[in-house]
Q: 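Attaching a single structure in structure tokens format; questions to follow.
As the structure lists them, so they are numbered: ligands from 1, and atoms in each ligand from 1.
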Amino acid sequence: MSPTLTITTSLLAGIAVGVPFVLWLRTRSARAKEATAWKERLESDLQQARNERDRLLDALSDAFLLVDAETDIRFVNAAARELFEGRQIVGRPVREAFLDGRLADAVLQSLETGEPVRSRVVLPQQASPRGDHETRGVNAWIIDAARLPDTPADHPLTRVVIRDVTSEHQLEQIRKDFVANASHELRTPLAIINGYLENLLDEGMLDDREMTRRFLTVMRKHSDRISRIVEDMLVISRLESGEAAALKLEPFRFRACIHDILERLESMIRQQTAEVTVTMPDDTLKLNADRFYWTQVLFNLVENALKQNPHKGLRIEIGCIGLPEGGIRIWIADNGVGIPSADLPHIFRRFYRVEKHHSQQEIKGTGLGLSIVKRAVEAHGGSIGVTSTPGQDTRFTIDLPASVRAVE
Ligand code: ADP
């Protein structure tokens, strides 16, 4: 074979082997590139799906956690991160992460049995997941734990939802207290009336007309008290039932309202020789408000000043001015015994009475007057505050928004 032919043959053979090899190499690298791109796309899709899931779970107002079979926390949403304020809880066991065992119990029970568990836990605030040592009172939580249905049997995941129901719990508590207090307040005069009735029914008792009259007078005093408590409770429940939204607003002169209540309290004022002054630079100032409630607000505040200070030399000031930015300020001040500073924060609570006045005021007060005042003021969009320097100045100040001021 000639050398030229040999080279050509080798060249052809090389080409025959090399070309498919290069083509194979090219295909392989293209496939690898494709696979990498595909993998990247898949990872990015997965990441996107994860982000989407996290965004949705973060949008929940309830705390959401995922817990594995070893009781370790695997995932928490934004509300849970906020609940466990600044503490790293992912990767930690439930019992360690929850500050109080009572919160962890429901979760652990569900993990153990595989059954859904829903329980309500009421804890003192310092035992809450926040670990809040500053505040007093209680926190209430609903813990809802259930195994996720589509997780492998050997690696099950349990989802836990923690809902803060503290405000509902507090409302419920307030209602319960209200019923308990109301029953207690009503029971006392009822027991007294019953006692006198039994005495009256005793043989020969009714023949003693003088005694009978005395008994009946006491009974009437106590039945008046029952009526007053019931009246006050009805006003509070009307104000709280949302009917407040249907306040009967009408423009009226505040001076006329003051005049009405001073007329009603006239005999008390005269008896106590109390001095009442009205400070009202603009006599024509009008409120666009529910006159029934404002009469009650003024009456309760002025009557309180008189009731708490039956001695001579009491001075009461009723004041009302239009504020430059359009609102209205009303104040009722007296120079009487005042309210101890420890009682001031509680004074607007239903049935709250200052201890030292308790026996003295057993008949006169219901302990509901100031809560009616506060609710009526708030129903009109206003706020009320109180300051007291005993013997000098006890002052209730009401601020009302411009919307309550009637335009001429
Ligand atoms: P009450 O029906 O007992 O008057 P309130 O809710 O009106 O109930 O008032 C609650 C308590 O606040 C009163 O029992 C009294 O101890 C105290 N108080 C209210 N106003 C005054 C005041 N002007 N001076 C002193 N104590 C007051």
Side-chain angles (χ1 to χ4, degrees), residues 174 177-178 181-182 184-189 221-240 258 261-262 264-265 268-269 271-279 293-319 330-379 383-398:
I174 289 171
D177 288 352
F178 186 48
N181 283 326
H184 174 79
E185 294 289 332
L186 291 171
R187 208 161 42 199
T188 314
K221 213 156 64 170
H222 286 278
S223 80
D224 281 351
R225 177 171 167 74
I226 295 178
S227 314
R228 203 170 156 181
I229 294 175
V230 171
E231 270 311 308
D232 282 357
M233 279 172 21
L234 284 175
V235 174
I236 290 196
S237 99
R238 264 212 308 277
L239 278 168
E240 285 185 350
I258 298 176
I261 66 112
L262 289 182
R264 279 169 61 192
L265 290 166
M268 222 172 153
I269 296 171
Q271 250 172 34
Q272 292 183 215
T273 60
E275 185 190 317
V276 182
T277 53
V278 178
T279 308
Y293 289 120
W294 281 97
T295 310
Q296 186 118 17
V297 165
L298 271 190
F299 183 90
N300 288 357
L301 292 174
V302 177
E303 194 207 24
N304 268 353
L306 289 163
K307 261 188 338 192
Q308 305 300 330
N309 301 289
H311 51 80
K312 308 259 180 258
L314 178 72
R315 285 201 308 276
I316 300 175
E317 186 195 357
I318 307 173
I330 296 167
W331 66 95
I332 286 90
D334 68 70
N335 64 340
V337 289
I339 305 164
S341 54
D343 293 293
L344 283 178
H346 314 290
I347 209 78
F348 294 104
R349 274 178 20 201
R350 295 186 281 205
F351 295 112
Y352 191 87
R353 268 172 289 175
V354 177
E355 202 64 50
K356 73 180 164 76
H357 299 309
H358 214 266
S359 54
Q360 175 199 339
Q361 294 303 321
E362 203 138 51
I363 295 296
K364 290 180 186 163
T366 61
L368 291 172
L370 287 181
S371 33
I372 291 178
V373 168
K374 187 169 195 290
R375 278 163 184 78
V377 168
E378 286 172 355
S383 60
I384 181 164
V386 57
T387 55
S388 182
T389 312
Q392 288 179 29
D393 188 74
T394 296
R395 183 171 292 263
F396 288 87
T397 307
I398 296 169

Q: Using a 4.0 Å cutoff against the non-hydrogen atoms of Arg353, which atoms of ligand 1 qualify?
A: 3 (O), 14 (O)

Q: One residue to check: Tyr352. Relative to ligand 1, which of side chain, backbone, both or neither has a non-hydrogen atom less than 4.0 Å away?
A: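 Just the backbone.
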
Q: Tell me the contacting part of Leu301 for ligand 1: side chain, backbone, both, or neither, using a 4.0 Å heavy-atom threshold, strictly below.
A: neither

Q: So, regarding Val337 and ligand 1 (criterion: nitrogen or oxygen to nitrogen or oxygen, under 3.5 Å), is there a contact or not?
A: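 No.
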
Q: Any non-hydrogen atom of Asn300 lying under 4.0 Å from ligand 1?
A: no

Q: For Ile174, check side-chain contact (heavy atoms from CB on, under 4.5 Å) against everything at least two apart and list the hits.
A: Arg350

Q: In ligand 1, which numbered atoms sit nearer than 4.0 Å to a non-hydrogen atom of Thr366?
A: 1 (P), 2 (O), 3 (O)

Q: So if I count the atoms of ligand 1 from 1 in the order they appear, which ones are less than 4.0 Å from some heavy atom of Ala305?
A: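 The atoms of ligand 1 under 4.0 Å from a heavy atom of Ala305 are 23 (N).
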
Q: Please list, in number order, the atoms of ligand 1 under 4.0 Å from a heavy atom of Gly338.
A: 25 (C), 26 (N)

Q: Please lay out, stage by stage, how Leu301 and Ile398 fare under the test side chain to side chain contact (heavy atoms under 4.5 Å, CB included).
A: CA-CA 11 Å; Leu301 292 174; Ile398 296 169; 4.2 Å; yes

Q: Does a sphere of radius 6.0 Å around NE2 in His184 hold more than 12 heavy atoms from other residues, nucleotides or ligands, not counting ones at 6.0 Å or beyond?
A: no

Q: Got a second to check how far Phe299's CZ is from Ile258's CD1, nearest 0.5 Å?
A: 15.0 Å

Q: In Å and rounded to the nearest 0.5 Å, what is the CE to CD1 distance from Met233 to Ile372?
A: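 Those atoms lie 10.5 Å apart.
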
Q: Which ligand 1 atoms are under 4.0 Å away from a heavy-atom of Asn304?
A: 4 (O), 5 (P), 7 (O), 9 (O), 19 (C), 20 (N)

Q: Quick one: does Asn309 get an N or O within less than 3.5 Å of an N or O on ligand 1?
A: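 For ligand 1, there is no N or O atom that lies under 3.5 Å from one belonging to Asn309.
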
Q: Between Pro390, Gly367, Gly369, which one has a non-hydrogen atom sitting closest to atom 1 (P) of ligand 1?
A: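 The nearest heavy atom belongs to Gly367.
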
Q: Can you give me every donor-acceptor pair (side chain of residues 331-339, partner residue at least two apart or in another chain, under 3.5 Å) with its distance?
A:
unit_1: Trp331; atom_1: NE1; unit_2: Glu317; atom_2: OE2; d: 3.3
unit_1: Asp334; atom_1: OD1; unit_2: Gly336; atom_2: N; d: 2.8
unit_1: Asn335; atom_1: OD1; unit_2: Arg315; atom_2: N; d: 2.8

Q: As an exercise, state the distance from CG of Leu265 to CD1 of Ile316, rounded to the nearest 0.5 Å.
A: 8.5 Å

Q: Would you call the rings of His346 and Tyr352 parallel, tilted or perpendicular, taking 30° and 60° as the class edges?
A: tilted

Q: State if Gly336 counts as touching ligand 1 under the rule of any non-hydrogen atom under 4.0 Å.
A: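 Under 4.0 Å: no for Gly336.
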
Q: Are the side chain of Asn181 and the backbone N or O of Asp177 linked by a donor-acceptor pair below 3.5 Å?
A: yes

Q: At a 4.0 Å cut-off, with the gap strictly under it, does some heavy atom of Lys307 reach an atom of ligand 1?
A: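 Yes, Lys307 has a heavy atom closer than 4.0 Å to ligand 1.
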
